[in-house]
Undergrad: 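First the structure, which I've put down as structure tokens, then a few questions once you've had a look.
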Amino acid sequence: MSVASSKKVRVRFAPSPTGYLHVGGARSALYNYLFAKQNKGQFILRIEDTDEARSTDDSLRMVMEDLQWLGLQWDEGPNPKTLEDLGNFGPYRQSRRLDLYKKYADELIATGKAYYCFMTDAEMDVQREALLKEGKSPHVESPYAEWTVEKARAKMSEGATAVVRFKTRHLRKDYVFTDLVRGEVKFPSDMVSDFVLLRSGGMPVYNFCNVIDDHLMQISHVLRAEEHLPNTLRQMMLYEAFGWELPLFGHMSLILDEDRKKLSKRKGATSCHEFKMEGYLPAALNNFMALLGWSHPEEKEIIPMEELIEKFSVHRLHPSGAVFDAVKLKWMNSVYLRALSDEQIWQELKPFLDRAHLDLPADSAWQKKSVSVFRSAMETLAESVELYRPLCDKSFVIQPEGEDTLKWEQAKPVLQAWKDLVEQEPNEFMTEERFLQIQDLVKEKSGCKGKFLFMPMRVAVIGKPHGTELKILVPLLKKTSLIERAKICLQKIS
RNA sequence: GUUCCCAUCGUCUAGCGGCCUAGGACACCUCCCUUUCACGGAGGAUACAGGGGUUCAAAUCCCCUUGGGAACGCCA
């Protein structure tokens with residue numbers, strides 16, 4: 001099977017804007033983007049917004065924002081700011097191409113390849129159930145298929161509403177095409193019945209717009225998810241009816257949830273936006289998605305974007321569904337995170353810390369130092385919030401388990417010794433070594449050791465007896481903060 | 001129900017007839033490092049769905065069974 005097309009490479013990602021970008025869609029976009037870049041072709045963003053009930057401009061902006069966050073910039077499509085068309089094959093929003101679809105539908109009606117159908121939902125339901133009972137496919141068999149256009153128009157002039165259906169009953173043969181990832185696929189024509197082209201309101205339907213747009217936009221390769229495989233038959237029928245050349249199709253595997261069902265919005269994080277908010281790096285998400293159904297020729301796992309573009313190949317697309325393993329994504333994110341410098345990590349972290357209203361020192365030396373001690377403890381940016389929270393004075397509160405610890409008779413001498421020693425410190429911050437020395441001094445002065453030493457001290461610093469090591473936390477806290485916290489605890493005791 | 005697609009460790013996968021007593025990655029287990037954890041390092045356990053063929057030789061090709069998924073819409 002050959003990927004080579006006589007046409008120059010033009011691929012598209014065609015989402016319907018109904019919310020944030022889903023990871024399934026994001027992966028489709030990624031693969032199309034990689035393929036376009038590798039072949040010096042065009043990556044087109046086309047908006048399939050013919051479902052008026054669900055499509056909104058807000059959603060469109062969200063999808064574009066997610067795409068841009070991932071770095072998958074399109075060569076043609078709506079301008080992300082103004083929504084105006086960018087490119088010579090527009091409009092790129094199907095809702096702006098309605099006249100075009102109408103024109104082609106009229107052409108099919110005129111040549112007898114499509115017809116007006118007046119069936120009601122109730123009539124179709126009856127038919128469907130009857131067929132299902134007989135063990136047949138629940139196909140519509142419209143009695144209006146052989147009506148003349150004149151007769152139909154007359155009925156419409158009396159106020160009847162009609163959909164336009166494509167006539168399939170004469171097409172008795174197998175439709176065969178070579179899928180880029182699955183090889184030869186054969187569909188019997190009776191797999192579908194007369195399908196709708198134009199809804200009663202005149203709005204076109206997916207399978208119809210898709211064919212017209214892919215043809216008019218000179219799309220060379222259609223790389224889309226496997227759920228569209230059965231649609232290919234309808235589309236082939238349409239290409240045939242118009243006498244147009246077929247693009248090359250490649251249907252990639254579905255992304256599944258842990259129950260091996262198509263990943264749906266109902267379960268866990270499935271949109272790019274959610275991953276962004278949870279603190280995943282776009283590079284990590286891209287890398288991870290690329291590996292869901294595709295593999296590097298040398299089995300590499302950590303693959304930067306440039307290499308993805310260079311090594312991507314439809315031949316290495318895996319045909320079976322892939323379960324979305326959030327744990328592995330997290331690991332991959334940690335790899336990308338740890339590859340960053342302390343400064344870079346701080347920059348990434350800052351929005352998360354700000355959003356959690358943690359006010360931390362603005363001093364860059366402190367920031368770098370804090371990242372250097374926490375960097376190996378987090379896998380996502382959002383996890384940094386709980387790591388940094390104990391460092392923020394405002395969030396210091398004595399937890400219930402901390403209060404229990406303060407009731408111990410050893411608590412008072414430990415805290416008193418700790419506060420006195422810290423007060424004698426000359427510097428704003430103490431080093432880890434100095435802290436360890438002071439800890440020994442506290443032990444000496446209070447006569448307490450083991451958990452009776454460590455736990456009260458920890459409460460004096462973070463408000464609870466368990467948590468991050470003190471030798472890491474204390475050097476990041478100002479002397480004044482340490483004293484203030486110790487005082488709060490001491491007050492609690494007396 | 002019908003049609004189509006799919007089938008290697010728990011998960012993502014390598015494998016395109018001999019290099020496979022099946023390799024890598026995540027997760028898991030053990031040990032080392034670390035006076036906790038994490039990071040890091042060294043090991044370990046775990047898979048060709050089943051049955052028939054074809055072949056000197058099958059995880060790889062063919063058929064059947066089973067299992068899973070998707071589609072069958074005036075959603076895309």
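Each chain gets a letter, A, B and so on, in the order its sequence line appears, and its residues count up from 1.
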Undergrad: To the nearest Å, give me how far apart CH2 (A/Trp294) and P (B/G15) are.
TA: 12 Å
Undergrad: Nearest of B/A38, B/C74, B/A27 to any side-chain atom of A/Val205?
TA: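 Nearest to the side chain of A/Val205 among the choices is B/C74.
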Undergrad: When all nucleic acid strands are considered with a 4.0 Å heavy-atom cut-off, which category describes A/Lys300: base, sugar-phosphate, or nothing?
TA: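 A/Lys300: no heavy atom of the nucleic acid under 4.0 Å.
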Undergrad: Tell me whether A/Arg182 is salt-bridged to A/Glu226, with the criterion being a basic N under 4.0 Å from an acidic carboxylate O.
TA: yes
Undergrad: From the options B/C12, B/C4, B/C74, select the nucleotide whose nearest atom is closest to the side chain of A/Val323.
TA: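 Closest nucleotide to the A/Val323 side chain: B/C12.
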Undergrad: When the C1' atoms of B/U66 and B/G52 are considered, how many whole Å apart are they?
TA: 14 Å
Undergrad: Counting the atoms with a prime plus P, OP1 and OP2 as sugar-phosphate, which does A/Ser193 contact under 4.0 Å by heavy atoms, base, sugar-phosphate, or nothing?
TA: nothing
Undergrad: Is there a Watson-Crick or G-U wobble partner for B/C19 with both distances under 3.5 Å, and if so, which one is it?
TA: none
Undergrad: C1' atom, B/C5 versus B/C9: distance in rounded Å?
TA: 24 Å
Undergrad: To the nearest Å, give me how far apart CZ (A/Phe13) and P (B/A76) are.
TA: 15 Å
Undergrad: So, does A/His139 get its side chain near the phosphate of B/U3, meaning an N or O under 4.0 Å from OP1 or OP2?
TA: no
Undergrad: Provide, to the nearest angstrom, the distance between the CG atom belonging to A/Leu387 and the P atom belonging to B/C39.
TA: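 Rounding to the nearest Å, CG of A/Leu387 and P of B/C39 are 13 Å apart.
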Undergrad: Rounded off to whole Å, could you give me the CE-to-P distance for the A/Met252 and B/C4 pair?
TA: 23 Å
Undergrad: Between A/Glu184 and A/Glu299, just flag the one whose closest nucleotide in RNA chain B comes earlier from the 5' side.
TA: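 Between the two, 5'-proximity favours A/Glu184.
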Undergrad: Determine the interatomic distance between P on B/C16 and the same-named atom on B/G43; round to the nearest Å.
TA: 26 Å
Undergrad: Need the pair for B/A25. Rule: Watson-Crick or G-U wobble, both distances under 3.5 Å, any strand; none if unpaired.
TA: B/U11
Undergrad: From CZ of A/Arg316 over to P of B/U13, roughly how many Å is that when rounded to an integer?
TA: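 The distance from CZ of A/Arg316 to P of B/U13 comes to 12 Å, rounded to the nearest Å.
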Undergrad: Please give the nucleotide sitting opposite B/U46 as a Watson-Crick or G-U wobble pair, both distances under 3.5 Å, or none.
TA: none
Undergrad: Indicate, with a heavy-atom threshold strictly under 4.0 Å, whether A/Ser320 touches base, sugar-phosphate, or nothing.
TA: sugar-phosphate
Undergrad: For B/C6 versus B/C61, give the span between their P atoms, rounded off to a whole number of Å.
TA: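 Pairwise P distance, B/C6 against B/C61, rounds to 12 Å.
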Undergrad: Taking atom C1' of B/C12 as reference, at what distance in whole Å does atom CG of A/Asn287 sit?
TA: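 Roughly 12 Å, once rounded to whole Å.
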Undergrad: According to salt bridge (charged side-chain N to carboxylate O under 4.0 Å, His left out), who are the partners of A/Lys155, at least two apart in sequence or on a separate chain?
TA: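 Not a single residue meets the salt bridge (charged side-chain N to carboxylate O under 4.0 Å, His left out) criterion with A/Lys155.
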Undergrad: Using both distances under 3.5 Å as the test, list the Watson-Crick or G-U wobble partner of B/U2, or none.
TA: B/A71
Undergrad: Quickly work out the A/Asp213 CG to B/A76 P distance and round it to whole Å.
TA: 12 Å
Undergrad: Check this for me, if you would: do A/Asp85 and A/Arg93 make a salt bridge, where the nitrogen-to-carboxylate-oxygen distance has to be below 4.0 angstrom?
TA: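 No, A/Asp85 and A/Arg93 are not salt-bridged.
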Undergrad: Can a donor-acceptor pair be found between the side chains of A/Gln437 and A/Arg434 at a distance below 3.5 Å?
TA: yes
Undergrad: Does the ring centre of A/Tyr31 sit less than 6.0 Å away from the ring centre of A/Trp294?
TA: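 No, they do not, as the ring centres are separated by 6.0 Å or more.
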Undergrad: Take atom C1' in B/C12 and the same atom in B/G18, then report the distance between them in whole Å.
TA: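 Each nucleotide's C1' atom is 28 Å from the other's.
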Undergrad: Tell me whether the NZ or CZ atom of A/Lys369 lies within the 45° cone about the ring axis of A/Trp366 and under 6.0 Å from its centre.
TA: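 Ring-cation test returns no.
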Undergrad: Please measure how far the P atom in B/A71 lies from the corresponding atom in B/G10, and state the result in whole Å.
TA: 27 Å
Undergrad: I want to verify a distance call: between B/G24, B/A76, B/C4, whose nearest atom is closest to the A/Val185 side chain?
TA: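 Side chain of A/Val185 sits closest to B/C4.
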Undergrad: Using a 4.0 Å heavy-atom cut-off, does A/Arg224 contact any base of the nucleic acid, only the sugar-phosphate backbone, or nothing at all?
TA: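 No contact at all - A/Arg224 keeps every heavy atom at 4.0 Å or more from the nucleic acid.
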Undergrad: Give me the one residue out of A/Phe35, A/Phe43, A/Phe249 that meets ring pair (Phe, Tyr, Trp, His ring centres under 6.0 Å) with A/His221.
TA: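 Passing option: A/Phe35.
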Undergrad: When the P atoms of B/A45 and B/A7 are compared, how many Å lie between them, rounded to an integer?
TA: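 The same atom, P, in both gives a distance of 28 Å.
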Undergrad: Under 4.0 Å: is that the gap between some side-chain N or O of A/Arg165 and OP1 or OP2 of B/C74?
TA: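 Affirmative; the distance criterion is met.
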Undergrad: Just to be sure I understand the rule, does A/Arg234 reach a base, reach only the sugar-phosphate, or reach nothing, if contact means heavy atoms closer than 4.0 Å?
TA: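 Answer is sugar-phosphate: A/Arg234 comes under 4.0 Å of backbone atoms only.
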Undergrad: With A/Arg46 as the cation and A/Tyr92 as the aromatic partner, state whether NZ or CZ is under 6.0 Å from the six-membered ring centre and within 45° of the axis.
TA: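 Judged by the rule (NZ or CZ under 6.0 Å from the ring centre, within 45° of its axis), A/Arg46 is not positioned above A/Tyr92.
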Undergrad: State whether A/Lys103 and A/Asp99 are salt-bridged, where the test is any N-O pair (Lys NZ or Arg NE/NH1/NH2 against Asp/Glu carboxylate O) under 4.0 Å.
TA: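 No.
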Undergrad: Once you apply a heavy-atom cut-off of 4.0 Å, does A/Val163 come out as touching a base, just sugar-phosphate, or nothing?
TA: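 A/Val163: base contact, heavy atoms under 4.0 Å.
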Undergrad: Heavy atoms only, 4.0 Å cut-off, all strands: where does A/Gly201 land among base, sugar-phosphate and nothing?
TA: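 Counting heavy atoms under 4.0 Å across all strands, no contact is made by A/Gly201.
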Undergrad: What's A/Arg458 touching, base or sugar-phosphate or nothing? Going by heavy atoms closer than 4.0 Å.
TA: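 The residue A/Arg458 makes no contact with any strand.
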Undergrad: Compile the donor-acceptor pairs under 3.5 Å between side chains in residues 455-466 of chain A and protein atoms, sequence neighbours left out, one pair per line.
TA:
unit_1: A/Arg458; atom_1: NE; unit_2: A/Pro465; atom_2: O; d: 3.1
unit_1: A/Arg458; atom_1: NH1; unit_2: A/Gly467; atom_2: O; d: 2.9
unit_1: A/Arg458; atom_1: NH1; unit_2: A/Thr468; atom_2: O; d: 2.6

Undergrad: Within the pair A/Ser295 and B/A14, is there a side-chain N or O less than 4.0 Å away from OP1 or OP2?
TA: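 Yes, such a contact exists.
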Undergrad: Which nucleotide in the set B/A27, B/C6, B/A76 lies at the smallest distance from any side-chain heavy atom of A/Trp331?
TA: B/A27
Undergrad: Using a cutoff of under 3.5 Å, can you pull out all pairs of nitrogen or oxygen atoms linking the protein to nucleotides 67-70 of chain B, with atom names and distances?
TA:
unit_1: B/G69; atom_1: OP1; unit_2: A/Lys261; atom_2: NZ; d: 2.5
unit_1: B/A70; atom_1: OP1; unit_2: A/Lys262; atom_2: N; d: 3.3

Undergrad: Could you measure between the two C1' atoms, the one in B/A42 and the one in B/U21, and give it in whole Å?
TA: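 Their C1' atoms lie roughly 24 Å apart.
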Undergrad: Assign each of A/Phe324 and A/Phe454 to its nearest nucleotide of RNA chain B by heavy atoms, then name whichever residue's nucleotide is nearer the 5' end.
TA: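 Final value for this comparison: A/Phe324.
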Undergrad: Determine whether any donor atom in the side chain of A/Asn231 lies under 3.5 Å from an acceptor atom in the base of B/A76, or the reverse, and answer yes or no.
TA: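 Yes, the side chain and the base share a sub-3.5 Å donor-acceptor pair.
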